[in-house]
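Presented below is the structure to which this report refers.
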Amino acid sequence: VFPRIIEGIRACMAALSAVMPAPSPTVPETTVWRPGNFAYCYLIVRGVSRAARVFVVESTLCQTVVAAPARFAVNHSGDWAESHDIAVQPSFQLACADGHTCAVVFHSLDTRALVAAALPEAMDFSTPDGKCADPTQDSVLSVYLCEAGERADRIQAVSDMSGANKFYHEVILATENFPFHNNSIILIPDLLTKEECHILMDGANDHVKSIIDGSLDAAGKPQTRPAWLDIADKPSLHRLRTSKIGSHASSLASTIMIHRVLPFFEQNLPGVSQTLFGQCSGLKEMQFLASPQEPAVNIYTEGGEFSVHTDKCSVTVNVLLSEPDAFVGGGTAFWSQDSAATLGAGAAMAEVRDESVLLRPRQGTGVIFNGAVEHSGRTTKSGIRHLFVCSFDLGTWNLGMKDPMSVEAERHP
């Protein structure tokens, strides 16, 4: 009898382990990276890794901005830029100690990925004629703050390729963290293609234009603005529900949420799915309850920002739709769940504590987090930034064959 009981216990434990995510590795407490330090890591784009020697620009326990050799630029297709490609991110010429110059790009990455020991075949900084040369600290900091405008797009990075995940990677917000549930942001590369990003952007832009063009004065300026177009009376931030910007956009939103995000949880985070929704499969058959006025496309023009808030739903999905060079500034700031972001109730942006992470993902990357995470949209300094947004819960009502997104449109006409 006892062997059977023990065997049953083992089977139960194995089943539980299969649906529970492994805890995130904690940030090494002994490693403190300072501006001017050199470090090593593997940088990964679409599963292709390259070892790099990088220069630390600024660093916290959770996120580090580095200058990397210009060979670590990303092209317009989202792959590593080769010599004949036009990189989507600009490179910058920096002064070196020996009087030469070297070209670099700036990335933000997981601090845990950095190591002091040299990695095999790591690419180093070099002059135009191929000689190794290190940039000076003054040159790096000056260019990053001024010429680069503190822009550093997030990139997947690891210290050991055995820890790389080709389906998603995690951004932590504190040393104490657990995948998705606590101080954890999940990034899904290429959740949307470039073409799909443009479908949503173009639909939103055309809809706004069709509304505003119908109410111009003699000088060609809008006479009135529909109240629903702005968020909190801010003319620099607009929100358009995907159901209002064309059938193609509405269908795409349904595909993203029902046929990509939900299967992602089932296949990659079954334990999270079990905890959130009470089951780790069959999520498509559950009732999809989106936050009011979502899914939507947020359009940030110059001065557009979103104050600190929580979404209070089980899951939030954000996707940057814009080309990376379409705007300056922006990004989403996140705060640790261990402490409040603001210094007091109703605090203004100036009274907000420093964020744990400022995230600027690549176009089409899915950014997924829980509804208790405080976050804000950083000010867009120029250009236009488009963001797909959808926060949702799942209920137990079986929708049968009816499209869950069409039901959501009926709930919020």
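Residues: numbered from 1 along the sequence shown.
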Is the shortest heavy-atom distance from the side chain of [X] to the side chain of [Y] under 4.5 Å?
{"X": "His238", "Y": "Thr301", "result": "yes"}
{"X": "Phe306", "Y": "Arg239", "result": "yes"}
{"X": "Val57", "Y": "Leu141", "result": "yes"}
{"X": "Val319", "Y": "Val367", "result": "no"}
{"X": "Leu114", "Y": "Tyr40", "result": "no"}
{"X": "Arg241", "Y": "Val297", "result": "no"}
{"X": "Thr136", "Y": "Leu94", "result": "no"}
{"X": "Leu61", "Y": "Thr175", "result": "yes"}

(message) Does His248 have more than 12 heavy atoms from other residues, nucleotides or ligands lying within 6.0 Å of its NE2?
(response)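 Check fails, neighbour count at 12 or below.
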
(message) A quick test of your reading: do over 12 heavy atoms of other residues, nucleotides or ligands sit less than 6.0 Å from NZ of Lys194?
(response) yes

Main-chain N/O of [Y] paired with [X] side-chain donor or acceptor, under 3.5 Å:
{"X": "Glu294", "Y": "Ala296", "result": "no"}
{"X": "Thr255", "Y": "Ser251", "result": "yes"}
{"X": "Arg362", "Y": "Pro324", "result": "no"}
{"X": "Asn370", "Y": "Val315", "result": "no"}
{"X": "Asp98", "Y": "His100", "result": "yes"}
{"X": "Ser139", "Y": "Ala95", "result": "yes"}
{"X": "Ser184", "Y": "Ile172", "result": "no"}
{"X": "Asn177", "Y": "Ala174", "result": "yes"}
{"X": "Asp110", "Y": "Ala157", "result": "no"}

Rounded at 0.5 Å granularity, tell me how far [atom1] in [X] sits from [atom2] in [Y].
{"X": "Phe327", "Y": "Tyr300", "atom1": "CZ", "atom2": "OH", "answer": "10.5 Å"}
{"X": "Arg112", "Y": "Glu170", "atom1": "CZ", "atom2": "CD", "answer": "6.0 Å"}
{"X": "Gln156", "Y": "Tyr168", "atom1": "CD", "atom2": "OH", "answer": "11.0 Å"}
{"X": "Arg34", "Y": "Glu58", "atom1": "CZ", "atom2": "CD", "answer": "15.0 Å"}
{"X": "Leu252", "Y": "His259", "atom1": "CG", "atom2": "NE2", "answer": "11.0 Å"}
{"X": "Arg154", "Y": "Ser108", "atom1": "CZ", "atom2": "OG", "answer": "5.5 Å"}

How about [X] and [Y]: does a side-chain donor come under 3.5 Å of a side-chain acceptor?
{"X": "Glu323", "Y": "His198", "answer": "yes"}
{"X": "Thr316", "Y": "Ser391", "answer": "yes"}
{"X": "Thr111", "Y": "Thr64", "answer": "yes"}
{"X": "His375", "Y": "Asn318", "answer": "no"}
{"X": "Asp129", "Y": "Thr127", "answer": "yes"}
{"X": "Asp79", "Y": "Ser77", "answer": "no"}

(message) Set out, in order, the CA-CA distance, both residues' side-chain angles and the distance that settles ring-ring contact (aromatic ring centres under 6.0 Å, His included) for Tyr144 and Phe106, then state yes or no.
(response) CA-CA 8 Å; Tyr144 174 68; Phe106 294 101; 5.2 Å; yes

Please determine if [X] and [Y] form a salt bridge, counting it only when a charged side-chain N lies under 4.0 Å from a carboxylate O.
{"X": "Glu82", "Y": "Arg50", "answer": "yes"}
{"X": "Glu196", "Y": "Arg260", "answer": "yes"}
{"X": "Asp134", "Y": "Arg53", "answer": "yes"}
{"X": "Arg378", "Y": "Glu355", "answer": "yes"}
{"X": "Arg360", "Y": "Asp153", "answer": "no"}

Search all heavy atoms of [X] against all heavy atoms of [Y] and return the closest pair with its distance.
{"X": "Pro90", "Y": "Arg151", "value": "CD-NH1, 4.0 Å"}
{"X": "Gly331", "Y": "Leu358", "value": "C-CD1, 4.2 Å"}
{"X": "Ala253", "Y": "Phe388", "value": "CB-CE1, 4.1 Å"}
{"X": "Cys102", "Y": "Cys96", "value": "SG-SG, 3.4 Å"}
{"X": "Leu119", "Y": "Ser159", "value": "CD2-O, 4.2 Å"}
{"X": "Ala103", "Y": "Gln93", "value": "CB-NE2, 3.5 Å"}

(request) With Phe180 as reference, evaluate Leu276, Thr275, Val373 under the side-chain contact (heavy atoms from CB on, under 4.5 Å) test and give the passing residue. (result) Leu276

Going by atom type alone, with no hydrogens or angles, which donor-acceptor pairs under 3.5 Å involve a side-chain atom of residues 263-271 and a protein atom two or more places apart or on another chain?
from	atom 1	to	atom 2	distance (Å)
Glu266	OE2	Gly282	N	3.0
Glu266	OE2	Leu283	N	2.8
Asn268	ND2	Phe264	O	3.3

(request) For the pair Trp80 and Phe72, name the ring-plane relationship: parallel under 30°, tilted 30 to 60°, perpendicular over 60°. (result)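 Taking Phe72 first and then Trp80, their aromatic rings stand perpendicular (interplane angle over 60°).
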
(request) Please report the C-alpha distance between Thr396 and Gln287 in whole Å, then the side-chain angles of each, then the deciding distance to 0.1 Å, and finally whether the side-chain contact (heavy atoms from CB on, under 4.5 Å) criterion is met. (result) CA-CA 6 Å; Thr396 55; Gln287 183 183 18; over 6 Å; no

(request) Output, in order, the C-alpha distance, side-chain angles, deciding distance and verdict of side-chain contact (heavy atoms from CB on, under 4.5 Å) for Trp335 and Val357. (result) CA-CA 7 Å; Trp335 283 264; Val357 166; over 6 Å; no

(request) Check step by step if side-chain contact (heavy atoms from CB on, under 4.5 Å) holds for Asp206 and Ile245. (result) CA-CA 8 Å; Asp206 290 345; Ile245 59 178; over 6 Å; no

(request) Tell me, with the steps shown, if Ile185 and Ile368 meet side-chain contact (heavy atoms from CB on, under 4.5 Å). (result) CA-CA 6 Å; Ile185 312 296; Ile368 299 182; over 6 Å; no

(message) Counting the benzene-type ring for Trp, do Phe334 and Phe369 have ring centres under 6.0 Å apart?
(response) yes

